[in-house]
Asks: 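Sharing a structure, written as structure tokens. Questions coming.
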Protein chains: 2
Amino acid sequence: MSGPVAARGDDAVESPRRAALTLDRILATAIALADETGYDALSMRPLAERLDVVPMALYKHVRNRDELVDRMVDAVLASISPDVEPGTHWKAAARRRVLAARGVMLRHPWMWRAIETRTSPSPVVLDQQEAMIRTLREGGLSVALVHHAMHALGSRLWGFTQEVYASAPPPTDPQALAAAAAMLAQRWPYVLESAASVMHDSDSIVGPGCDDETEFEFALDLILDGIERLHETGWSPSR
Amino acid sequence: MSGPVAARGDDAVESPRRAALTLDRILATAIALADETGYDALSMRPLAERLDVVPMALYKHVRNRDELVDRMVDAVLASISPDVEPGTHWKAAARRRVLAARGVMLRHPWMWRAIETRTSPSPVVLDQQEAMIRTLREGGLSVALVHHAMHALGSRLWGFTQEVYASAPPPTDPQALAAAAAMLAQRWPYVLESAASVMHDSDSIVGPGCDDETEFEFALDLILDGIERLHETGWSPSR
DNA sequence: ACCTGAACACCGTTCAAGT
DNA sequence: ACCTGAACACCGTTCAAGT
């Protein structure tokens, strides 16, 4: 599998023989590094150090940093594999697909930063799009409606959204919370009312700018229901 | 207004007296620089050079680069000012607000990159949120529904969305287009069908990862219509 | 022919030396 | 006291020197 000198010796405390540098190993290490230290901390030199190679060795396997990130994104996107039983209604199937993507994104919070810099669609991206479009088309939706639906889903297809609300969690200290509320009350009473109405548990937050599970599913269902409604009422493009 | 030595001399070919360095002048120049060269090219040294000052002079007015970007974002967001006549229906008013934001974003394509790194909500951000929440609340929507609506709108409140489709425009050369279509046809027939069904003019594109006017408004109306429907049918939180 | 260390052209930011 | 140039610790990437 790896190089000719690999053999065993995996459990040695300090093996003098390091595993052969492959693209797979680079990507796995880079993804782990990004998971641990965040997207901003991902750079060529620390990555090379963790792989126990000289930085330039990476350039044998990727052209540059952008390509590295693209391949990392592809590797993660490829791991999205919802099992949708044949015959499932298109709306349920679409929902399952999106929530499967979201599950993967929750494990890799840097993805929403990395995916946005992508320029052209890779085969992996096209595969995911193809699967969703086919789901909707085989559900009977028109070509035009499916096209709009894909745009309306936007990044939700990949399991994340960009948020309007600040990502900073509310202060846990009751006194600090009261002070913050008092400041809001003067100039932003409606924001305060809205913020106070719901106390989300912040466990399921993907990352800065991304929302929690309840809100994600609410918006997802809102879009899918809207598409279904247009489909059932025989919507067709106005132009 | 500016420094005590400003006076006239503005039309001199090379005035030895440069205008006083103020935060406003830094932000205006930084925004213009980002508009022209893109978000990635915005850095302290070129910005200082354009302002004809030494890089360190910037640090008298902003703590660091993050604060500079935050203030740039604030300056642009503050320029969003939809004129909504009193008595306008909440849905039309919300639509006007979002499309006003979008108009500003089209002039500053780097905004969607800059806004996402923001950590805590500034007064300007709170002002915009307050205005939208008030619009919806005064329209009669419940606190809980408004909260969900704000999350469902997500970054659309700021006039942009993240896209699923590749930003790369289709090849203009007919021969290259045919070749691309042939490649898609084999493995991604539904993607091809969907892509071929609509030929967007790419004039109104905000930036990589952002959609065009038609798709933006379709999704916006889908969300607003969905919210209206929930409101009219007396939706209330299930938990 | 292959690998790699030094070097290049950047970056944000610190800090001490200069006026 | 104020301003600023050099310097520090990075970054991605090039390239020539070494084996």
Side-chain angles (χ1 to χ4, degrees), chain A residues 2-6 16-23 25-27 29-34 36-74 110 113-119 208, chain B residues 2-6 16-23 25-27 29-34 36-74 110 113-119 208:
Chain A
S2 41
V5 291
R17 305 224 180 283
R18 37 178 142 119
L21 188 63
T22 62
L23 180 59
R25 207 161 76 84
I26 291 175
L27 295 181
T29 305
I31 289 168
L33 188 62
E36 292 168 28
T37 63
Y39 184 66
D40 288 326
L42 180 78
S43 57
M44 303 302 268
R45 267 172 253 241
L47 173 60
E49 192 178 11
R50 180 176 284 216
L51 285 161
D52 201 21
V53 297
V54 75
M56 281 313 297
L58 300 173
Y59 287 82
K60 293 282 150 187
H61 299 86
V62 291
R63 186 155 25 205
N64 49 35
R65 189 184 181 279
D66 280 352
E67 190 179 301
L68 172 70
V69 173
D70 276 4
R71 305 237 167 173
M72 289 169 64
V73 169
D74 269 356
W110 48 271
R113 294 277 304 277
I115 207 171
E116 78 185 3
T117 60
R118 162 149 286 177
T119 52
Chain B
S2 43
V5 290
R17 305 226 182 279
R18 39 175 140 120
L21 187 63
T22 62
L23 180 59
R25 208 161 75 85
I26 291 174
L27 294 181
T29 306
I31 289 168
L33 189 62
E36 291 167 30
T37 63
Y39 185 66
D40 288 327
L42 178 79
S43 57
M44 303 301 268
R45 265 171 254 241
L47 174 58
E49 192 178 10
R50 180 174 284 217
L51 285 160
D52 200 21
V53 296
V54 75
M56 282 311 299
L58 300 173
Y59 287 82
K60 294 281 149 187
H61 299 86
V62 292
R63 186 154 27 203
N64 49 36
R65 189 183 181 280
D66 281 352
E67 190 179 301
L68 171 71
V69 173
D70 276 5
R71 306 238 167 171
M72 289 168 65
V73 169
D74 269 356
W110 47 271
R113 295 277 306 276
I115 205 171
E116 79 187 3
T117 60
R118 177 166 286 253
T119 52

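Fair warning: this is a prediction, and the values are worked out from it, not measured in the lab. Below, chain A is the first sequence line, B the second, and so on; all start at residue 1.
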Asks: Rounded to whole Å, how long is the line connecting atom CG of Leu47(B) with atom P of dC10(C)?
Replies: 17 Å
Asks: Is there a side-chain contact between Leu42(B) and Met72(B), using heavy atoms and a 4.5 Å cut-off?
Replies: yes
Asks: Without decimals, in angstroms, what is the distance between Glu49(A) CD and dC10(D) C1'?
Replies: 13 Å
Asks: Between Ile26(A) and Leu68(A), is any pair of side-chain heavy atoms under 4.5 Å apart?
Replies: yes
Asks: Mind calculating the distance between CG (Leu42(B)) and C1' (dC10(C)) to the nearest angstrom?
Replies: 15 Å
Asks: For DNA chain C, what is the dot-bracket line, given that a base pair needs Watson-Crick (N1 to N3, plus N6-O4 or O6-N4) or G-U wobble (N1-O2 and O6-N3) geometry with both distances under 3.5 Å, and | means paired with another strand?
Replies: ||.|||||...|||||.||
Asks: Using the C1' atom as the reference point in each nucleotide, state the distance between dT13(C) and dT13(D) in Å, no decimals.
Replies: 23 Å
Asks: When the C1' atoms of dT14(C) and dG12(D) are considered, how many whole Å apart are they?
Replies: 23 Å
Asks: If you define the side chain from C-beta out and look only at heavy atoms, does anything of Asp74(A) sit under 4.5 Å from Arg118(A)?
Replies: yes
Asks: Once you round it to whole Å, what is the distance between P of dA9(C) and CG of Asn64(A)?
Replies: 20 Å
Asks: Expressed in angstrom and rounded to an integer, what is the separation of Tyr59(B) atom OH from dC2(D) atom P?
Replies: 21 Å
Asks: Measure the CG-CG distance between Leu58(B) and Leu23(B) for me, rounded to the nearest 0.5 Å.
Replies: 10.5 Å
Asks: Let me know the distance between CG of Leu21(A) and C1' of dC2(C), rounded to the nearest Å.
Replies: 15 Å
Asks: Whole angstroms only, please: what is the CG-P distance between Leu58(B) and dC11(C)?
Replies: 13 Å
Asks: Closest approach to the side chain of Val54(B), judged atom by atom: which nucleotide of dC11(C), dT4(D), dT13(C) is it?
Replies: dT4(D)
Asks: Yes or no on salt bridge (Lys or Arg N to Asp or Glu O under 4.0 Å) for Arg71(B) and Glu67(B), after CA distance, side-chain angles and deciding distance?
Replies: CA-CA 6 Å; Arg71(B) 306 238 167 171; Glu67(B) 190 179 301; 3.5 Å; yes
Asks: With a non-hydrogen cut-off below 4.0 angstrom, is Met56(A) in contact with a base, only sugar-phosphate, or nothing?
Replies: base
Asks: Which is more 5' along DNA chain C, the nucleotide nearest Lys60(A) or the one nearest Arg45(A)? Just name the residue.
Replies: Lys60(A)
Asks: Taking CZ from Arg65(A) and P from dT13(D), how many angstroms apart are they, rounded to a whole number?
Replies: 8 Å
Asks: Is any side-chain heavy atom of Leu51(A) less than 4.5 Å from a side-chain heavy atom of Leu21(A)?
Replies: yes
Asks: Indicate yes or no for a side-chain donor-acceptor contact from Arg25(A) to the backbone of Ala20(A) under 3.5 Å, with no hydrogens or angles considered.
Replies: yes
